[in-house]
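Nothing fancy with the numbering, it's 1 onward along the sequence.
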Amino acid sequence: MQTPRNPLRRAHPVWMCGMRPFFLLAMVSALGLLGLWGLALGAGLPPPQVAGGPIVWHVHELVFGFAMAGVAGFALTALPEFTGEAGASRGQLRALVLLWLLARAGFWASGWAGAAALWLAGAAQVALPLAVAAVLARALRSPAGRAHASFGWALLALAGMALGFYADALGGAPGLRWLHATLGVLMLLIVVAASRISMRMVNRAIEQVTPGAPPYLARPPKRHLAALCITLATLAQFARPGSALAGWLALAAAAAMFHLMSDWHVGPALWRRRFPLLLYAMYACMALGYGALGLAYLGALPGTGAGWHLLGAGAVGLGVFVVIAIAGRAHAGLLPDPGPWVPLGGALVLAATALRAAAAVLGWGGIALAAAAVLWCLAYGVLLWRVGPGLWRPRTDGRDGCDGPAP
């Protein structure tokens with residue numbers, strides 16, 4: 001007689017909501033990636049042997065591993081919430097997670113398994129954002145979803161970046177230009193996503209700190225100008241890397257980001273509430289990152305390392321951290337963490353970014369770089385400690401799926 005399946009296995013809480021598995025993967029990969037990188041820099045541990053070498057491995061896993069997990073978790077949770085449409089089913093989530101894992105396994109094995117591993121990694125990496133977009137297609141096509149079509153275009157762009165990278169890798173090229181272009185796509189996605197998050201966070205802070213003050217508005221003209229300048233800077237860096245044109249356009253992107261930040265100057269509500277302040281710091285990392293890239297291309301800074309780390313470790317790292325800290329608790333039915341852990345973790349991400357950028361400018365070696373990796377791991381270790389259990393365990397508020405906490 002056939003043994004019946006255990007329904008509890010199929011109903012594990014981690015598959016209850018799109019953010020749950022992907023936020024857990026983002027936090028674990030943040031710890032693993034920077035932990036290994038820190039050991040390689042500080043203790044001489046050989047990094048994984050992959051196509052393109054250790055620098056490509058480091059950047060690839062930051063954008064296609066860690067950041068892609070954060071993007072998938074956010075999109076699979078936020079778009080159904082914004083539009084009122086159904087999110088991913090448990091089976092769809094399992095398939096998406098499998099694609100993420102296959103992409104990691106294939107790329108990490110590419111040093112010894114060669115082209116076969118690259119084909120596997122490339123197919124899974126390209127398919128992942130396309131599959132996320134397919135799952136969200138109904139939400140994006142809905143009347144409410146038309147206002148959020150930029151998320152769909154960003155997912156398609158991430159698939160295109162992965163396709164370009166693996167085409168280069170299979171041809172023997174390092175593909176770093178595609179990884180840098182992927183960072184540009186992520187910057188665009190941050191500008192789009194932050195406008196949705198910030199309206200809620202900043203206006204809630206205004207209500208708490210200065211009731212009756214004018215509300216914060218994420219003004220489309222400033223946001224569109226920033227997106228245009230980031231797009232042009234990304235295209236110039238891809239087509240003519242290191243050129244004066246790329247330098248001036250990067251400086252234009254920095255100026256546009258500083259201009260966008262002026263909307264946030266709402267008085268005490270910004271400085272006295274942790275989430276608005278951390279989101280503001282994320283934008284500052286973007287502005288400073290593009291400024292550093294522009295100065296480097298124009299010969300005023302020694303190399304582009306500071307700029308790329310301000311964008312990657314700073315803007316992406318802090319953006320994923322804040323999204324998980326907010327949504328990872330709210331959509332698991334938990335109230336915001338009342339302790340000092342969120343600002344502490346955000347401060348650690350910023351300290352790691354500042355140390356890494358300073359090391360790039362001043363030529364500091366392995367100890368400083370390893371210390372930056374330790375600070376980053378401490379930040380995400382704190383986040384995993386405070387948010388991880390809620391993503392793994394059942395909800396305790398009587399609600400299901402991705403609903404917010406019960407009143």
Checklist entry - Does S243 reach the main-chain N or O of A246 with its side chain, forming a donor-acceptor pair under 3.5 Å? => result yes

Item to check | Side chain proximity check, V14 to L24, heavy atoms < 4.5 angstrom | outcome: yes

Checklist entry - Within the distance-only criterion (no hydrogens, no angle test), does the side chain of Q92 pair as donor or acceptor with the backbone N or O of S89 below 3.5 angstrom? => result yes

Item to check | Summary of ring pair (Phe, Tyr, Trp, His ring centres under 6.0 Å) pairs that have at least one residue in residues 114-133, sequence neighbours excluded | outcome: none

Item to check | Straight-line distance of L279 CG to R273 CZ, nearest 0.5 Å | outcome: 14.5 Å

Item to check | Atom of A133, atom of L140 and distance for their closest heavy-atom approach | outcome: O-CD1, 4.4 Å

Checklist entry - Would a 4.5 Å heavy-atom cut-off, applied to side chains only, mark L158 and L186 as touching? => result yes

Item to check | Verdict with supporting geometry, L251 and Y290, side-chain contact (heavy atoms from CB on, under 4.5 Å) | outcome: CA-CA 6 Å; L251 290 178; Y290 277 113; over 6 Å; no

Checklist entry - R196: what forms a side chain to side chain contact (heavy atoms under 4.5 Å, CB included) with it, not counting sequence neighbours? => result F82, H148, S150, F151, V192

Item to check | Within-4.5 Å side-chain heavy-atom neighbours: R223 and S195 | outcome: yes

Item to check | Note, P336 side chain near R274 side chain (heavy atom, < 4.5 Å) | outcome: yes

Checklist entry - Near I367 CD1, under 6.0 Å, is it more than 12 heavy atoms from other residues, nucleotides or ligands? => result no

Next on the checklist: Show, in sequence, the C-alpha distance, side-chain angles and deciding distance for Y283 and D263, and conclude whether the side-chain contact (heavy atoms from CB on, under 4.5 Å) test is met.
Outcome noted: CA-CA 12 Å; Y283 270 4; D263 278 345; over 6 Å; no

Next on the checklist: Check this for me: does any side-chain nitrogen of one of R200 and E81 sit under 4.0 Å from a carboxylate oxygen of the other?
Outcome noted: yes

Next on the checklist: I want to check a possible cation-pi pair here: R104 against W100, using under 6.0 Å from ring centre and within 45° of the ring axis as the test.
Outcome noted: yes

Next on the checklist: Going by ring-ring contact (aromatic ring centres under 6.0 Å, His included), name the residues that satisfy it together with Y297, two or more places apart in sequence or in a different chain.
Outcome noted: none

Checklist entry - disulfide (SG to SG under 2.5 Å) with C377: which residues, sequence neighbours excluded? => result none

Item to check | Distance flag, aromatic centroids of Y166 and H60, threshold under 6.0 Å | outcome: yes

Checklist entry - Is the number of heavy atoms from other residues, nucleotides or ligands within 6.0 Å of CD (Q208) greater than 12? => result yes

Checklist entry - So, does S110 use its side chain to make a donor-acceptor pair with the main chain of A51 at under 3.5 Å? => result yes

Item to check | S142 side chain vs G145 backbone, donor-acceptor pair below 3.5 Å | outcome: yes

Checklist entry - Just how far is it from atom CG of D168 to atom CZ of R177, taken to the nearest 0.5 Å? => result 4.5 Å

Next on the checklist: Looking at L335, is its backbone amide N or carbonyl O close enough to the side chain of R329 to form a donor-acceptor pair, meaning the two atoms are under 3.5 Å apart?
Outcome noted: yes

Checklist entry - Which heavy atom in A357 sits nearest to a heavy atom in A306, and how many Å separate them? => result O-CB, 3.7 Å

Next on the checklist: I need the minimum non-hydrogen distance between P276 and A205, along with the two atoms involved.
Outcome noted: CG-CB, 3.9 Å

Checklist entry - Would you call L128 and L102 a side-chain contact if the rule is heavy atoms closer than 4.5 Å? => result no

Next on the checklist: Rounded to the nearest 0.5 Å, what separates atom CG in L277 from atom CE in M282?
Outcome noted: 12.0 Å

Item to check | Side-chain touch W37/E61, heavy atoms, less than 4.5 angstrom | outcome: no

Checklist entry - Is there side-chain contact between M257 and V191, with at least one heavy-atom pair below 4.5 Å? => result yes

Item to check | Backbone of W112 reached by a side-chain donor or acceptor of Q49 within 3.5 Å | outcome: no

Checklist entry - Is it true that a side-chain atom of N203 and a backbone atom of M199 form a donor plus acceptor pair closer than 3.5 Å? => result yes

Checklist outcome for this item: Scanning both residues in full, the closest heavy-atom pair of A67 with V316 reads CB-CG1, 3.8 Å

Next on the checklist: Please determine whether side-chain contact (heavy atoms from CB on, under 4.5 Å) holds for the pair M68 and L155, giving the CA-CA distance in whole Å, both sets of side-chain angles, and the decisive distance to 0.1 Å.
Outcome noted: CA-CA 10 Å; M68 187 63 224; L155 289 167; 4.3 Å; yes

Next on the checklist: Main chain of M19, side chain of T77: is a donor-acceptor contact present, judged purely on distance under 3.5 Å?
Outcome noted: yes

Next on the checklist: Could you check whether any side-chain N or O of R20 sits under 3.5 Å from a backbone N or O of L391, counting only pairs where one atom can act as donor and the other as acceptor?
Outcome noted: yes

Checklist entry - Would you say the side chain of W264 lies within less than 4.5 Å of the side chain of S198, judging by non-hydrogen atoms? => result yes

Next on the checklist: Filter on ring pair (Phe, Tyr, Trp, His ring centres under 6.0 Å), then keep only pairs touching residues 309-355, sequence neighbours left out; what's left?
Outcome noted: F321-Y380, W341-W385

Item to check | Rounded distance (nearest 0.5 Å) linking atom CG of L383 with atom CZ of F23 | outcome: 9.5 Å

Checklist entry - In terms of side-chain geometry, is the basic nitrogen of R395 or D400 positioned less than 4.0 Å from the acidic oxygen of its partner? => result no

Checklist outcome for this item: When rounded to the nearest 0.5 Å, the distance separating CG of L311 from SG of C285 is 8.5 Å

Checklist entry - Under the ring pair (Phe, Tyr, Trp, His ring centres under 6.0 Å) rule, what pairs show up with a residue in residues 234-260, not counting sequence neighbours? => result W178-F238

Checklist entry - Atom CG of L136 and atom CD of E85: how far apart are they, to the nearest 0.5 Å? => result 10.5 Å

Item to check | Atom of G106, atom of A117 and distance for their closest heavy-atom approach | outcome: O-CB, 3.2 Å

Item to check | Geometric cation-pi criterion R94 and W15, 6.0 Å radius, 45° cone | outcome: yes

Next on the checklist: If you apply the rule side-chain contact (heavy atoms from CB on, under 4.5 Å), what do you find for W57 with L33, and how did you get there?
Outcome noted: CA-CA 9 Å; W57 166 76; L33 171 65; 3.8 Å; yes

Checklist entry - Which pair of heavy atoms, one from V126 and one from A159, lies closest together, and at what distance? => result O-CB, 3.7 Å

